[in-house]
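Here's the structure we're looking at; comments come further down.
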Amino acid sequence: MPYVSRWIDGIETGLPAGKVICIGRNYAAHAKELNNPIPSEPILFLKPKTALVDFEQPIILPQGQGACHHEAEISVLISQRAHKIAPQIVPEIIGGYGVGLDLTLRDLQSRLKEKGHPWEVAKSFDGACPMSTFINSVEINAPSTLGVILEVNGAVRQKGNVEQMLYSINEQIAYMSGFFTLEPGDIVMTGTPAGVAALNSGDRLTLSLYHEGRSELVTQTSIA
Ligand code: ZN
C-alpha cells in the first residue's frame with residue numbers, strides 16, 4: 001500500500017506523500033564512528049516517496065546486499081511550500097515532528113563511496129525509510145528539547161538530541177530549501193546520532209521521540 005502520513009492519533013494528515021530530504025553526518029560522534037570527516041557544509045541526499053513505509057509494518061530488508069544499518073532520526077513533516085527561506089521562517093512551514101529510520105545498505109554504500117560513485121541505491125531503495133506518525137508542531141512547545149532513542153531487542157542502541165546537531169533543524173531546512181523546493185507532505189530527516197549497526201531478521205525495534213525530557217511518541221516494529 002502506498003505510504004500515507006498520519007498524526008499520532010492515526011488520523012491521516014491529508015498531505016500527499018512526497019520526497020524525503022536527508023542530511024548526512026549531522027552529529028559529530030556519528031561522523032567519527034564511520035571515520036568520516038566533519039563536513040564543512042551540510043551533506044544532502046534524497047529518498048523518493050517509494051522509500052516511505054509505515055514504521056509499524058514489519059521491515060523487509062533487501063536480500064543479498066550485505067549489512068543493512070539502522071539510522072534513527074528525528075523527522076520533520078513539511079506543511080507548506082518553501083523555496084530559499086531563511087532559518088527563522090522554517091518553524092512556519094513545519095507541520096509536525098516524528099521519528100524514522102534512514103535504512104542504509106552499509107557494505108554497498110562503502111563500496112560505492114570508495115569508487116567515488118553516488119550511493120543512492122544504498123539509501124533510497126523501496127522501504128528504506130520506515131516512518132512514524134507525527135505530533136502536530138503546535139503541540140511541540142520546545143523544539144530545542146527534541147531527542148530520539150532507538151532500542152533494539154530492549155537495549156538502547158542510539159540516543160541523540162537536537163543540541164548535539166552540527167546544523168540545527170532550522171538551519172538545515174533553510175539550506176535544503178536553497179536546492180530543493182519543499183512541498184507540503186515532504187519529510188526532512190535530520191541526521192543520526194552515533195550507534196548505527198546492522199539489523200537482523202527477528203530484531204524488535206522501539207523508536208521514541210522525546211520532548212521536554214518525556215517520551216511523547218513511541219513506535220514499534222520488527223524485522224521480517
Ligand atoms: Zn541518516
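Both counts, for ligands and for their atoms, begin at 1 and track the order of listing.
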### Query
Would you call Lys47-Asp102 a salt bridge at under 4.0 Å N-O?
yes

### Task
Mind checking how many protein N/O/S atoms fall short of 2.8 Å from the Zn ion (ligand 1)?
3

### Query
Please, which pairs that meet ring-ring contact (aromatic ring centres under 6.0 Å, His included) have at least one residue in residues 142-198, sequence neighbours excluded?
Tyr175-Phe179

#### Entry: Ser168 side chain vs Val162 backbone, donor-acceptor pair below 3.5 Å
no

### Message
Taking ring-ring contact (aromatic ring centres under 6.0 Å, His included) as the cut-off, I'd like each qualifying pair that reaches into residues 122-159, sequence neighbours left out, listed once.
### Response
none

#### Entry: Other ILVMFWY residues reachable from Ile149 by side-chain steps of under 4.5 Å
Val156, Tyr210

### Task
Salt-bridge test for Glu56 and Arg6: reply yes if a basic N is under 4.0 Å from a carboxylate O, no otherwise.
no

